[in-house]
There are 2 protein chains.
Amino acid sequence: MPYRRWKRHGHRHGMHRMTEPRRCIMKIFEENAGHLSAEEVFMLANRYLPNIGMATVYRTLDILSQMNYINKIVSYDGRARYELVRDNKIHTHLFCVNCGRVFELPSLSEDLIERLKKDINGNAENMGIDVHSFDVRIQGLCPECKKNK
Amino acid sequence: MPYRRWKRHGHRHGMHRMTEPRRCIMKIFEENAGHLSAEEVFMLANRYLPNIGMATVYRTLDILSQMNYINKIVSYDGRARYELVRDNKIHTHLFCVNCGRVFELPSLSEDLIERLKKDINGNAENMGIDVHSFDVRIQGLCPECKKNK
DNA sequence: ATTGATATTGATAATCATTCTCAATAATAT
DNA sequence: ATATTATTGAGAATGATTATCAATATCAAT
Ligand SMILES: [Mn+2]
Ligand SMILES: [Mn+2]
Ligand SMILES: [Zn+2]
Ligand SMILES: [Zn+2]
């Protein structure tokens, strides 16, 4: 179900009712391009809903992920990040080993992705595994941290 | 410094002394091909060193990683895995969304890796980032979990 | 609009992997 | 053998995420 429809009161998505915290958090992702931690989402939501609780943030991030409105990204620093689902391109992310932030890289060229898919699906068939998704991850220093080193 | 030399008493690696727990845990990785969690390493080490503590396991995994004898892999289930460094190939790992285990896929073809490297390094240059390493990750079902579904 | 069934909330406690603290011990240099 | 100091194991502490639960808000049926 597209988010536009669910956004209005009176439109449930399965068992999921539309509520203020959910609308607010979804709005935050629509207005922020980056890869936000739960804590960052909490602080942004807090400006509009001063009583919102951390538990609600986590619960909402969870169902928005399930609904495929946002992506959950598990980083190396022990905290997850979330981003709005904008397209179905394979994301290439940089995980900064210094500050822990996640950065977007330009997507790989179409034919490179095609060859990756082919290669991976071939191996998957041989091994008897079921591929849901894949991605490319880079570890290194973000522009800011590279300077200050 | 190669592990063979460090393995003997009286041979330090910088400030790192050679001790029973370190020898034991390194041996465990040499004898186990898989991707082990700290808990799994602890249980295996426990058979030889009944008094070993969890803190020592974590500390040892940490310095073995720094020494580049083992790789640390951050999984999606909130616990890290570790594997012996055997070569410098780009690892393609399957992270089973059902059981949380990590599996090795055959490495990508040489020229595919070369093209990936080129593509990534090109983007890295433009963005002013410093690439330390990269890898391809698959999320899906392992052979075992695929059957039992 | 009012009602009733129930999904959601915020506060708080609990969990779980990992890290820290510290006094006792073991590994190396002399 | 002795002195120096890195390492250990036990247990406490941390920090992100989940679970619990009574109060509240949403939505479908009236
Ligand atoms: Mn992204
Ligand atoms: Mn591997
Ligand atoms: Zn950084
Ligand atoms: Zn599995």
Side-chain angles (χ1 to χ4, degrees), chain A residues 1 5-26 35-43 45-46 48-67 70 72-82 95 100-102, chain B residues 1 5-26 35-43 45-46 48-67 70 72-82 95 100-102:
Chain A
M1 178 191 258
R5 255 168 70 68
W6 186 50
K7 192 157 58 176
R8 295 195 299 280
H9 266 260
H11 284 256
R12 306 202 305 188
H13 180 298
M15 286 293 94
H16 296 312
R17 295 174 178 174
M18 177 40 80
T19 66
E20 275 311 310
R22 289 173 184 177
R23 219 191 321 271
C24 175
I25 289 174
M26 196 62 205
H35 304 77
L36 305 172
S37 67
E39 184 66 31
E40 288 168 332
V41 171
F42 173 75
M43 290 191 300
N46 210 41
Y48 301 96
L49 305 173
N51 292 320
I52 194 170
M54 202 61 201
T56 301
V57 170
Y58 275 107
R59 279 185 297 237
T60 304
L61 292 173
D62 213 49
I63 66 165
L64 291 180
S65 292
Q66 283 170 220
M67 290 171 160
I70 62 175
K72 180 178 182 179
I73 300 165
V74 174
S75 185
Y76 297 94
D77 65 351
R79 90 184 77 172
R81 314 277 168 151
Y82 303 82
F95 296 81
R101 284 181 293 176
V102 178
Chain B
M1 179 191 257
R5 254 168 70 69
W6 186 50
K7 192 156 59 174
R8 294 197 298 281
H9 265 258
H11 285 257
R12 308 202 302 188
H13 178 299
M15 286 294 94
H16 296 312
R17 295 175 178 174
M18 177 41 81
T19 66
E20 275 310 310
R22 290 173 183 176
R23 219 191 321 270
C24 175
I25 288 175
M26 195 62 205
H35 304 76
L36 306 172
S37 66
E39 184 65 31
E40 289 168 333
V41 171
F42 172 75
M43 290 191 301
N46 210 40
Y48 300 97
L49 304 173
N51 291 321
I52 194 172
M54 203 60 199
T56 301
V57 171
Y58 276 106
R59 280 185 297 237
T60 304
L61 291 173
D62 214 46
I63 65 164
L64 291 179
S65 293
Q66 284 171 219
M67 290 173 161
I70 62 175
K72 180 178 181 177
I73 300 164
V74 175
S75 185
Y76 297 96
D77 66 351
R79 91 183 77 173
R81 313 278 166 151
Y82 303 82
F95 296 80
R101 284 181 293 176
V102 178

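Here is how names work: the chains are called A, B, and so on, in the same order as the sequence lines, proteins then strands, and each is numbered from 1.
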- Query: For Arg23(A) and Met18(A), what are the C-alpha separation, side-chain angles and deciding distance, and is it a side-chain contact (heavy atoms from CB on, under 4.5 Å)?
  - Reply: CA-CA 7 Å; Arg23(A) 219 191 321 271; Met18(A) 177 40 80; 3.4 Å; yes
Would you mind reading off the distance between [X] atom [atom1] and [N] atom [atom2], rounded to a whole angstrom?
X: Met15(A); N: dA25(D); atom1: CE; atom2: C1'; value: 16 Å
X: Met18(B); N: dT7(D); atom1: CE; atom2: P; value: 11 Å
X: Arg22(A); N: dT8(C); atom1: CZ; atom2: C1'; value: 6 Å
X: Ile52(A); N: dT9(C); atom1: CD1; atom2: C1'; value: 9 Å
X: Arg59(A); N: dT18(D); atom1: CZ; atom2: P; value: 12 Å
X: Asn51(B); N: dA26(C); atom1: CG; atom2: P; value: 11 Å
X: Tyr82(A); N: dT17(D); atom1: OH; atom2: C1'; value: 8 Å
X: Tyr76(B); N: dC16(C); atom1: OH; atom2: P; value: 23 Å

To the nearest 0.5 angstrom, please state how far the [atom1] atom of [X] sits from the [atom2] atom of [Y].
X: His35(B); Y: Lys72(B); atom1: NE2; atom2: NZ; result: 15.5 Å
X: Leu49(B); Y: Glu20(B); atom1: CG; atom2: CD; result: 6.0 Å
X: Met67(A); Y: Arg22(A); atom1: CE; atom2: CZ; result: 6.5 Å

- Item | Shortest side-chain distance from Ala38(B), nucleotide among dT17(D), dA29(C), dT18(C) |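 Taking heavy atoms from C-beta onward, the closest nucleotide is dT18(C).
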Respond yes when some side-chain nitrogen or oxygen of [X] is under 4.0 Å from OP1 or OP2 of [N], and no when none is.
X: Arg79(A); N: dG15(D); answer: no
X: Tyr58(A); N: dT18(D); answer: no
X: Thr19(A); N: dT8(C); answer: no

- Query: Paired with dT4(D): which nucleotide, if any, by Watson-Crick or G-U wobble criteria at under 3.5 Å for both distances?
  - Reply: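 Result: dA27(C).
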- Could you tell me whether the side chain of Arg17(B) has a donor or acceptor atom within less than 3.5 Å of a complementary atom in the base of dT5(D)?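 When only heavy-atom distances are counted, Arg17(B) does reach the base of dT5(D) through a donor-acceptor pair under 3.5 Å.
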- For Asp62(B) and for Gly53(A), find the nucleotide of DNA chain C with the closest heavy atom, then tell me which residue's nucleotide is more 5'.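 This one resolves to Gly53(A).
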- Item | 5′-ward residue of the pair His16(A)/Met54(A) relative to DNA chain D |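 Looking at DNA chain D, the more 5' nearest nucleotide goes with Met54(A).
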- Query: Under the side-chain contact (heavy atoms from CB on, under 4.5 Å) criterion, do Met26(A) and Trp6(A) qualify, and how do the steps go?
  - Reply: CA-CA 11 Å; Met26(A) 196 62 205; Trp6(A) 186 50; 5.7 Å; no
